[in-house]
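Each remark here refers to the structure printed beneath this line.
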Amino acid sequence: MPVELTALGHRFGTEPWLFRAMDFTFHEGTVYALIGPSGSGKSTLLGILAGWIAPAEGVIAIPHDRTATWVFQNPHGVPGRSAVDHVALPRLARGAAPDDADEEARHLLERFGLGHVAGREFRALSGGEAQRLMLARAIASEPAVLLIDEPTAQLDPTTGDTVNAVIGELARDDTVVVVATHDTRTRDACSAVLDLGRFARRAEG
Ligand SMILES: Nc1ncnc2c1ncn2[C@@H]1O[C@H](COP(=O)(O)OP(=O)(O)OP(=O)(O)O)[C@@H](O)[C@H]1O
Ligand SMILES: [Mg+2]
């Protein structure tokens, strides 16, 4: 199910409008780069998409039968657990049998360039590996909406590029994926761009 924004606008209290008059449809299978200057409301819009923030005006139509999943800029996993366990767990939670969950998890790790670290503990992963693992884990949970805030912000450019290289793997037929980013290489790795700056100008008028 697509996510549809109609005349959406937000401001905090009586602060100036961040964005306004926003009509936009997020389609499944597309990975959207959400761009705009710092403070333009990217993380706020992710919060609205997650259902954590009620928009000040307008309507958001979002599937309620499945969840929204977040990936933050700081990878957080279970230090002593293996990489493959991190991805198998959401498969189990989705009802997969243990052997299937393990096999599906290993397949996902391959897709995210992590096949060689499947058995490694989370604490031993590099920053880029840990962030790619967070993306693989998020996809394993088959969310309706996948929200990713600045996935390369904590990484040096070379390490960040190992994350950008797998952004395309986030596309899923039944998932809306939105990646808030300042990183032009992350933006280029996405399949569509939503520039919040476009809607900030309307907010002024
Ligand atoms: N709960 C809140 N109450 C009041 N103001 C807030 C709240 N959350 C965010 N803001 C303000 O709203 C504006 C937009 O913040 P937001 O975090 O969405 O920007 P952003 O585009 O994600 O910026 P960055 O690129 O720096 O991450 C900022 O000026 C911020 O200080
Ligand atoms: Mg932000």
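Order of listing sets the numbers, starting from 1, for every ligand and every atom in it. Values reported hereafter were calculated over all heavy atoms of this structure, with side chains retained and with hydrogens, waters and symmetry mates removed.
- Under a hydrophobic clustering in which Ile, Leu, Val, Met, Phe, Trp and Tyr are joined whenever their side-chain heavy atoms come within less than 4.5 Å, directly or via other members, Leu108 and Phe122 fall into the same cluster.
- For ligand 1, the atoms closer than 4.0 angstrom to any heavy atom of Ser43 are 17 (O), 18 (O), 20 (P), 22 (O).
- In Leu18, the part holding a heavy atom less than 4.0 Å from any atom of ligand 1 is the side chain.
- Within the model, atoms CZ of Arg137 and CG of Asp85 stand 11.5 Å from one another, a figure rounded to the nearest 0.5 Å.
- Residue Ser43: an N/O/S atom is found under 2.8 Å from the Mg ion (ligand 2).
- At a 4.0 Å heavy-atom cut-off, ligand 1 touches Pro37 through the backbone alone.
- The protein atom (non-hydrogen) at minimum distance from atom 18 (O) of ligand 1 is Thr44 OG1, 2.6 Å.
- At a heavy-atom distance under 4.0 Å, no atom of Glu15 approaches ligand 1.
- Aromatic ring centres of Phe24 and Tyr32: separated by under 6.0 Å.
- Shown in contact with His182 at under 4.0 Å from a heavy atom are these atoms of ligand 1, numbered in order with element: 24 (P), 25 (O).
- Between Phe12 and ligand 1, no N or O atom pair is found at a separation short of 3.5 Å.
- The atoms of ligand 1 that sit less than 4.0 Å from any heavy atom of Lys42 are 18 (O), 19 (O), 20 (P), 21 (O), 22 (O), 23 (O), 24 (P), 25 (O).
- Across all their heavy atoms, Ser82 and Gly119 have their closest contact at CB-O, 3.9 Å.
- Contact annotation for atom 20 (P) of ligand 1: protein present (non-hydrogen atoms, distance under 4.0 Å).
- In this structure, atom 30 (C) of ligand 1 is not in close contact with the protein, since no protein heavy atom lies within 4.0 Å of it.
- Partner Ile148 forms a side-chain contact (heavy atoms from CB on, under 4.5 Å) with one of Thr186, Val71, Val178 and no other, that one being Val71.
- For the residue pair Asp183/Thr152, the side-chain donor-acceptor check at 3.5 Å is satisfied.
- Distances from ligand 1 to the non-hydrogen atoms of Gly41 include at least one value under 4.0 Å.
- Taking 4.5 Å as the limit, every side-chain heavy atom of His86 sits out of range of all side-chain heavy atoms of Val84.
- Close placement of the Phe72 and Trp70 rings is indicated, their centers lying within 6.0 Å of each other.
- With distances taken over non-hydrogen atoms, the option nearest atom 28 (C) of ligand 1 out of Ser40, Ala153, Ser38, Gly39 is Gly39.
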I would like to know whether Ile167 and Val31 meet side-chain contact (heavy atoms from CB on, under 4.5 Å); could you show each step before the answer? CA-CA 8 Å; Ile167 290 286; Val31 181; 3.9 Å; yes

